[in-house]
Amino acid sequence: MINEKVAELLNNQVNKEFYSAYLYLEFSNYYNEQGLDGFANWYKIQAQEERDHALLFMEYMQNNDVKVTLEAIDKPDVELKDNMAPLKAGLEHERFVTALINNIYEAAYVEKDFRTMQFLDWFVKEQGEEETNASDLVKKMELYGSDPKGLYLLDSELGGGTYSAPSLTL
């Protein structure tokens, strides 16, 4: 049985993951309006990943007889004043999500909830990858973003991405 505090944190994470999807759709919309279809595609894929993360947390909770409570999703509160703003906000958000995952892991560790810790192992690894990807994108924008040809090539690179659902078995 999952401890009440761990269950509360897991449920909070469901809602945070849905918010992440919403935030990344906001970034996708911004880039779409700027004519940067590759960046828009990148963040649309990120939104799909976050939605699937929320569903994985929900499934884990349901498989462990823990009630899931969906809350209202806040409107993203970010000022997107230039092409770098979503990238930096995305990196900051990924770091925030990493802290949330680590907090759940710590609570599960205290409770000796090894099943939840094992479930979270995939997310710990995933967050490392997400932070690296977000950081790399900021660095690339710093290097190439002020050059129209460089921005075009970076946008083209991001436009080639496709979505692949996570293969986490519960």
Side-chain angles (χ1 to χ4, degrees), residues 9-10 12-60 71-106 117 119-170:
L9 291 170
L10 288 167
N12 182 54
Q13 193 64 33
V14 169
N15 292 289
K16 294 296 185 188
E17 297 289 344
F18 280 128
Y19 172 80
S20 297
Y22 205 49
L23 178 66
Y24 291 155
L25 287 174
E26 179 79 2
F27 295 170
S28 180
N29 286 337
Y30 170 82
Y31 284 121
N32 186 280
E33 291 168 4
Q34 303 307 307
L36 294 169
D37 298 337
F39 283 87
N41 179 62
W42 168 262
Y43 276 111
K44 194 179 292 180
I45 290 170
Q46 294 304 112
Q48 290 171 308
E49 285 184 11
E50 302 303 343
R51 179 210 57 214
D52 281 355
H53 293 170
L55 295 175
L56 287 169
F57 275 98
M58 285 178 60
E59 183 180 358
Y60 177 76
E71 303 291 342
I73 300 172
D74 292 333
K75 177 181 177 183
D77 184 25
V78 291
E79 184 181 342
L80 305 177
K81 59 185 186 283
D82 58 34
N83 292 336
M84 181 64 88
L87 303 179
K88 286 188 174 180
L91 175 56
E92 183 180 322
H93 185 72
E94 288 299 340
R95 289 175 175 157
F96 170 71
V97 171
T98 297
L100 292 172
I101 299 288
N102 289 343
N103 193 35
I104 303 168
Y105 203 101
E106 181 180 16
M117 290 167 57
F119 168 72
L120 291 172
D121 284 342
W122 184 87
F123 288 97
V124 170
K125 181 177 183 271
E126 174 72 6
Q127 280 309 119
E129 292 170 8
E130 293 299 332
E131 283 190 43
T132 298
N133 291 338
S135 178
D136 288 350
L137 203 45
V138 168
K139 289 174 189 170
K140 287 179 181 180
M141 181 62 94
E142 288 172 345
L143 287 170
Y144 312 119
S146 61
D147 172 50
K149 289 179 185 175
L151 182 60
Y152 174 79
L153 290 173
L154 185 53
D155 188 59
S156 296
E157 178 185 323
L158 295 173
T162 57
Y163 180 65
S164 169
S167 59
L168 177 65
T169 11
L170 303 178

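In what follows, residues are counted from 1 in the order of the sequence shown. Atom set for the values below is all heavy atoms of this structure, side chains included, hydrogens, waters and symmetry mates excluded.
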Nearest-0.5 Å distance that lies between atom [atom1] in [X] and atom [atom2] in [Y]:
| X | Y | atom1 | atom2 | answer |
| --- | --- | --- | --- | --- |
| L154 | L143 | CG | CG | 10.0 Å |
| L87 | F27 | CG | CZ | 8.5 Å |
| I73 | K16 | CD1 | NZ | 11.0 Å |
| N103 | Q13 | CG | CD | 9.5 Å |
| I104 | N12 | CD1 | CG | 7.5 Å |
| L100 | L9 | CG | CG | 9.0 Å |

Under the criterion side chain to side chain contact (heavy atoms under 4.5 Å, CB included), I'd like the reasoning laid out for D121 against Y105: C-alpha separation, chi angles, the key distance, then a yes or no.
CA-CA 9 Å; D121 284 342; Y105 203 101; 2.9 Å; yes
Ignoring hydrogens and geometry, is there a side-chain-to-backbone donor-acceptor pair from Q127 to E94 under 3.5 Å?
yes
Nearest heavy atoms of [X] and [Y], plus distance in Å:
| X | Y | result |
| --- | --- | --- |
| N83 | P86 | O-CD, 3.6 Å |
| Y60 | L10 | CE2-CD1, 4.0 Å |
| M58 | V14 | CG-CG1, 3.5 Å |
| M141 | M84 | CG-CE, 3.6 Å |
| A40 | S28 | O-OG, 2.8 Å |
| F57 | L120 | CE2-CD2, 3.8 Å |

Using the side chain to side chain contact (heavy atoms under 4.5 Å, CB included) rule, take Y30 and V78 through it: C-alpha gap first, then chi angles, then the decisive distance, then the call.
CA-CA 11 Å; Y30 170 82; V78 291; over 6 Å; no
Indicate yes or no: at least one non-hydrogen side-chain atom of I101 is less than 4.5 angstrom from one of T98.
no
Does some side-chain heavy atom of L36 sit less than 4.5 Å from a side-chain heavy atom of L151?
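Yes, side chains in contact.
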Is there a side chain to side chain contact (heavy atoms under 4.5 Å, CB included) between F18 and E71? Walk through the geometry before answering.
CA-CA 10 Å; F18 280 128; E71 303 291 342; over 6 Å; no
Report the C-alpha distance between K125 and E129 in whole Å, list the side-chain angles of each, state the deciding distance to 0.1 Å, and finish with yes or no for salt bridge (Lys or Arg N to Asp or Glu O under 4.0 Å).
CA-CA 7 Å; K125 181 177 183 271; E129 292 170 8; 3.1 Å; yes
Just grab all the side chain to side chain donor-acceptor pair (under 3.5 Å) pairs involving residues 37-50, residues at least two apart or on different chains.
Q46-E130, E50-H53
Take atom CD of E106 as the centre, draw a 6.0 Å sphere, and report whether it contains more than 12 heavy atoms from other residues, nucleotides or ligands.
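Open.
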Only counting residues at least two apart or in another chain, list the ones meeting ring-ring contact (aromatic ring centres under 6.0 Å, His included) with F39.
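For F39 the ring-ring contact (aromatic ring centres under 6.0 Å, His included) partners, ignoring immediate neighbours, are Y31.
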Which is it for E17 and V97 under the side chain to side chain contact (heavy atoms under 4.5 Å, CB included) test, yes or no, and what are the steps along the way?
CA-CA 8 Å; E17 297 289 344; V97 171; 3.9 Å; yes
